[in-house]
Amino acid sequence: LISLVIPLLIGILLNVIIIAIAGVVPMNASAFARIGIVSLFSLLYVASFASLGIFVSSVTRESATSLIILLLSWAMLVIVIPGVGGVMASRAVVIPSPWKAQSDARDAWEQAKDEYLARHPEMKGVAFGSGHWSPCENLAGPLSADLARDNFLCQYRFEMVRQVTVGQNVSRISPLGLYKHAIEAIAGTGVCHYDSFMKQVKQYRDLLKSIMMDKYPLDPNKSYWGDSYDCLLYTSPSPRD
């Protein structure tokens, strides 16, 4: 166990030194606390396999028999079970490819656009003029189309996270799966980090929407922005202006 722990601790120490010198990650008290917990879990992970080796050797008479049992155990716990977890998750939660999801999101946007223009035919050529919000264009149409696309993508990302979570729950039977997911939770990486990041993105998007609505007021009960179409006479300033 000592012969395994020494290179493990040396590797952790070298990585910490490199990260500290690079300055990419702030090395504060919280970071060192997480590194300490990760190191402890790593020691327990190594100790579990060392203990398994001692246990199998104590109940078998031949070293060759214990070697075969340990190789099979290692293959099952480290390779087979985590791999089966991923396969089961992909079968239990089926999601389209990223390209298919982007295509479906564009279709949702186009469908919402067509539905809006069908309800408000007077807004054809007005609501989706430049393709972005401006004070001289209707905002209700682009907003409804963007919401339709974003709702689809949010649901797609939710299914992605759910698929990974199902695979993790299955692979937790394996010491490797349990160790990996514990380290990700402590370090704030992996699917935990992705889920947290996407929640922050949603909060930022809602905040940006609120700011835009304050800058360009929109009455949701009207099919156009403002009280008249006079702003449609506005023309963009030339680069010289």
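Note that the structure is a prediction, hence the values are computed from the model and not measured. One-based numbering along the sequence shown.
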Checklist entry - Between the side chains of E159 and Q155, is a donor N or O closer than 3.5 angstrom to an acceptor N or O? => result yes
Checklist entry - Under a 4.5 Å cut-off applied to non-hydrogen side-chain atoms, are S39 and I35 in contact? => result yes
Checklist entry - Are any of the side-chain heavy atoms of L176 and L77 separated by less than 4.5 Å? => result no
Item to check | Flag, side chain of S210 to backbone of D206, donor-acceptor distance under 3.5 Å | outcome: no
Next on the checklist: Tell me whether S196 contacts the main-chain N or O of H193 through its side chain, where contact means a donor paired with an acceptor under 3.5 Å.
Outcome noted: no
Checklist entry - Is any side-chain heavy atom of V16 less than 4.5 Å from a side-chain heavy atom of M27? => result yes
Checklist entry - Are any of the side-chain heavy atoms of V78 and F49 separated by less than 4.5 Å? => result yes
Checklist entry - Between the side chain of D195 and the main-chain N/O of V191, is any donor-acceptor distance below 3.5 Å? => result no
Item to check | Hydrophobic cluster partners of L71 (side-chain heavy atoms under 4.5 Å) | outcome: L67
Checklist entry - Knowing that exactly one of D114, D150, D146, D104 qualifies, which makes a side-chain hydrogen bond (donor to acceptor under 3.5 Å, both in side chains) with W109? => result D146
Checklist entry - Counting only heavy atoms not in M160, do more than 12 sit closer than 6.0 Å to its CE atom? => result yes
Checklist entry - How about Y156 and F152: are their ring centres within less than 6.0 Å of each other? => result no
Checklist entry - What do the steps show when you test L153 against R157 for side-chain contact (heavy atoms from CB on, under 4.5 Å), and what is the final call? => result CA-CA 6 Å; L153 291 177; R157 296 186 187 103; 3.7 Å; yes
Item to check | Check against side-chain contact (heavy atoms from CB on, under 4.5 Å), S174 and K180 | outcome: CA-CA 10 Å; S174 163; K180 179 181 177 182; over 6 Å; no
Next on the checklist: Counting only heavy atoms not in Y194 (residues, nucleotides, ligands), do more than 12 fall under 6.0 Å from its OH?
Outcome noted: yes
Checklist entry - With no hydrogens and no angle check, is any side-chain donor or acceptor of S42 less than 3.5 Å from a backbone partner on V38? => result yes
